[in-house]
Every structure is written in structure tokens, then in C-alpha cells.
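In what follows, a structure is listed as C-alpha cells, so that the remarks can point back to it.
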Amino acid sequence: MNGDEALQVKLGRRLDPPLQEMIPLSSTVLALATALLVLGAPPSESPQPTTTDSFRPDPTWKPIGRSLWFDPGAKQLVLRARVALREGPLEHLLCLKGTKEHEAVLATDAVPRMIHAGLILTGAKQGHPVRFLPKFEPPTGSAIEIQIQWQEDNKLRTADARSWVREDQSKRPLTKDWVFAGSEIFEDPDTKKPIYAADDGDLFTVANFANAILDLPFASTANDAERSFVANTEKIPPRGTLVTLFLRPRPAPDAAKR
């Protein structure tokens, strides 16, 4: 069994031939994606009350977990979430459902390690999470463009995710992209089993966390007295609104000019 086939088995399905052709997977990428997949999913949660909206997955998208699809045509990850917070200080754009909704604009029941694996499929390059010692190093990785769609007043609306986050002092929307820091995999000292750190709930953050899948590429504190970002209330739809996030690597400025 070759590397691609091994990954397909871990996913529990065979990738369609067109998808295989679009996503050449190196041995390093396969090893990382497989390591994430074999960890298994967290315990399932009771279903959330549904809100009517017009979302229907495109038949060409490849499901890679609950609330999560890979769009091979646009090479983007599609993720479903729900508005959890509209005002106040933030630590997250997106958290795992049932964890940190009191400081996150959005919450999702998508499995964190599958979000990570899906970002790899888009061609995003993982960097490293924030490092605080021996000296501060900001998170690194591919810059990720995030577009959000939702239905409001019988209209389909779209926004850049950065417009939902506002710098508290300047009152201006976030201008920097999140980067694919990639969280961490570590061994539980008691069970000796591998743990994916983002399962704790830190998915897409606006304060630096080593657990984050996506983080901001500069120093941003989670200290209550010094938090930099707040929810941009007027841009965010009502709590409970179901939304769809589209994530893909943003081309580097010099590449976009070619």
C-alpha cells in the first residue's frame, strides 16, 4: 500500500482519482496528516438546535469530517460554525463547541485535527506555534484567507473574517491574516497516548496560544487587562446564526503579481 492509499484508509474512504491528481502528498505531509487522523475523534456531543439556513454542500466537495469539507476545485477548506459572541474582549475567532464560547466569535463541532489535515490539503504550509522561551517568537506558517458566508434577511451575505475582529484602541478592523501555526502533538504523561493540543478548544485565535491551529503572526496577549481585540459587533450577525467559513492560503504578494 502506497502513502496515498494509507491516508485514504485512515480517512475511512478512497479519494476519488481527480482529488488524488490535485493533491500530490509528500511523505512528510502524509506522515503528519496520518498522525492527526489516527488520534481518533473526540467523544461525540449531543446535537445543537438547528437554525434554518440555505446551506447545502456542493456535490463536488469531499467530506472530511463533521461540519467540514475539502473543495478540490478552489483548493479550499469549507467549515460550518455558529455565532457564539457579538461583543466584548476576544481570545478567539473560532473555538471548539462547548469550550470557550465566552471569548470566541464562532464555535464549531468540526474535529480540530481534521481542520488541520484539511488545511494541509489546501496546500497551506504549517509553520510553528508561538514560542515564549527563551525569547518570544511569533507564530509562523502560510497566511490563511478566511471568508464567511451566512443568510440574513433572506439574503446571502459575505464578509472577510478579519472585519469581525476590531483592535480595541484604534477601533480599526484586523488587517493581518491568521497563519497556519499548526498547534502541537504531545504525549500524555499518564496514558502515553498522543494528544493534539487544539482539542482543548483553541482553534483560530486572536491572542497567542501554543495550542492554536491558526494564530496571528505578532505578539497578542491574553492578559485580561491588556487584551488587544474585541468583537466588531456591528459587523456580526445575531448569536446562533449558522455560518460557513472558506479557508485557503493567501498568495504571497510577489506571487500574486506574476
Side-chain angles (χ1 to χ4, degrees), residues 32-33 35-37 39-45 48 64-70 76-86 89-122 124 126-130 138-148 150 159-162 164-165 174 176-186 195-217 220 222 227 229 231 236 239 241-249:
L32 176 57
L36 293 167
L37 296 167
L39 290 176
S44 60
E45 302 172 349
Q48 207 168 15
I64 55 174
R66 62 177 180 251
S67 302
L68 200 61
W69 299 261
F70 175 64
Q76 63 185 357
L77 186 63
V78 184
L79 184 155
R80 291 285 278 169
R82 187 183 296 266
V83 175
L85 183 73
R86 297 186 67 247
L90 296 177
E91 291 187 0
H92 307 75
L93 171 70
L94 177 76
C95 74
L96 182 63
K97 177 189 166 188
T99 61
K100 304 184 179 185
E101 284 90 341
H102 62 289
E103 52 199 9
V105 177
L106 299 168
T108 183
D109 65 353
V111 178
R113 66 190 67 100
M114 299 305 294
I115 297 174
H116 186 133
L119 285 166
I120 291 174
L121 294 179
T122 70
Q126 179 183 342
H128 66 72
V130 62
T140 64
S142 293
I144 304 297
E145 174 186 355
I146 306 176
Q147 293 291 321
I148 304 178
W150 72 100
D160 185 319
R162 296 175 298 180
W164 287 16
V165 177
L174 179 66
K176 289 281 190 179
D177 283 315
W178 283 269
V179 296
F180 183 23
S183 192
E184 298 176 309
I185 296 176
F186 62 93
I195 294 175
Y196 184 54
D199 284 343
D200 189 47
D202 299 321
L203 304 185
F204 306 166
T205 64
V206 298
N208 299 138
F209 287 98
N211 293 356
I213 300 174
L214 301 185
D215 199 348
L216 295 176
S220 180
R227 272 197 249 186
F229 296 102
I236 303 171
R239 286 183 60 191
T241 300
L242 289 163
V243 304
T244 308
L245 282 69
F246 298 88
L247 299 93
R248 58 185 174 185

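Residue numbers run from 1 in the order of the sequence given. Since the structure is predicted, the reported quantities are computational estimates derived from the model, not experimental observations.
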Quick one: pull up [atom1] in [X] and [atom2] in [Y] and give me the separation to the nearest 0.5 Å.
{"X": "L245", "Y": "S67", "atom1": "CG", "atom2": "OG", "value": "11.0 Å"}
{"X": "L174", "Y": "L93", "atom1": "CG", "atom2": "CG", "value": "9.0 Å"}
{"X": "D177", "Y": "R162", "atom1": "CG", "atom2": "CZ", "value": "4.5 Å"}
{"X": "I236", "Y": "W150", "atom1": "CD1", "atom2": "CH2", "value": "9.5 Å"}
{"X": "E91", "Y": "F229", "atom1": "CD", "atom2": "CZ", "value": "12.5 Å"}
{"X": "T140", "Y": "H128", "atom1": "OG1", "atom2": "NE2", "value": "3.5 Å"}

- Message: As a test of understanding, state which of L79, D202, V105, I146 forms a side chain to side chain contact (heavy atoms under 4.5 Å, CB included) with L94.
- Response: L79
Would you say the side chain of [Y] lies within less than 4.5 Å of the side chain of [X], judging by non-hydrogen atoms?
{"X": "V83", "Y": "L106", "answer": "yes"}
{"X": "V130", "Y": "F209", "answer": "no"}
{"X": "L90", "Y": "E103", "answer": "no"}
{"X": "L247", "Y": "L214", "answer": "yes"}
{"X": "R66", "Y": "M114", "answer": "no"}
{"X": "I144", "Y": "L77", "answer": "no"}
{"X": "E145", "Y": "F246", "answer": "no"}
{"X": "T99", "Y": "L203", "answer": "no"}

Which heavy atom of [X] sits nearest a heavy atom of [Y], and at what distance?
{"X": "A104", "Y": "A84", "result": "O-CB, 3.7 Å"}
{"X": "A181", "Y": "A212", "result": "CB-O, 4.1 Å"}
{"X": "C95", "Y": "E101", "result": "SG-N, 3.7 Å"}
{"X": "L85", "Y": "H102", "result": "CD2-O, 3.7 Å"}
{"X": "S183", "Y": "P129", "result": "O-CG, 3.2 Å"}

- Start with the C-alpha gap between D215 and W178, add the side-chain angles, then the distance that decides, and say whether side chain to side chain contact (heavy atoms under 4.5 Å, CB included) holds. CA-CA 5 Å; D215 199 348; W178 283 269; 5.6 Å; no
- Message: Evaluate V206 against L216 for side chain to side chain contact (heavy atoms under 4.5 Å, CB included), listing each step before the verdict.
- Response: CA-CA 6 Å; V206 298; L216 295 176; 4.0 Å; yes
- Item | N/O donor-acceptor pair under 3.5 Å between T108 side chain and R80 backbone | yes
- Between F180 and I213, does a side chain to side chain contact (heavy atoms under 4.5 Å, CB included) hold up when you go through it step by step? CA-CA 6 Å; F180 183 23; I213 300 174; 4.0 Å; yes
- Does D109 pair with R82 as a salt bridge, N-O distance under 4.0 Å? no
- Could you please spell out the steps behind the side chain to side chain contact (heavy atoms under 4.5 Å, CB included) verdict for V111 and L68? CA-CA 8 Å; V111 178; L68 200 61; over 6 Å; no
- Task: Decide if atom CZ of R248 counts as having more than 12 heavy atoms of other residues, nucleotides or ligands within a radius under 6.0 Å.
- Result: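 Not buried by this count: 12 neighbours or fewer within 6.0 Å.
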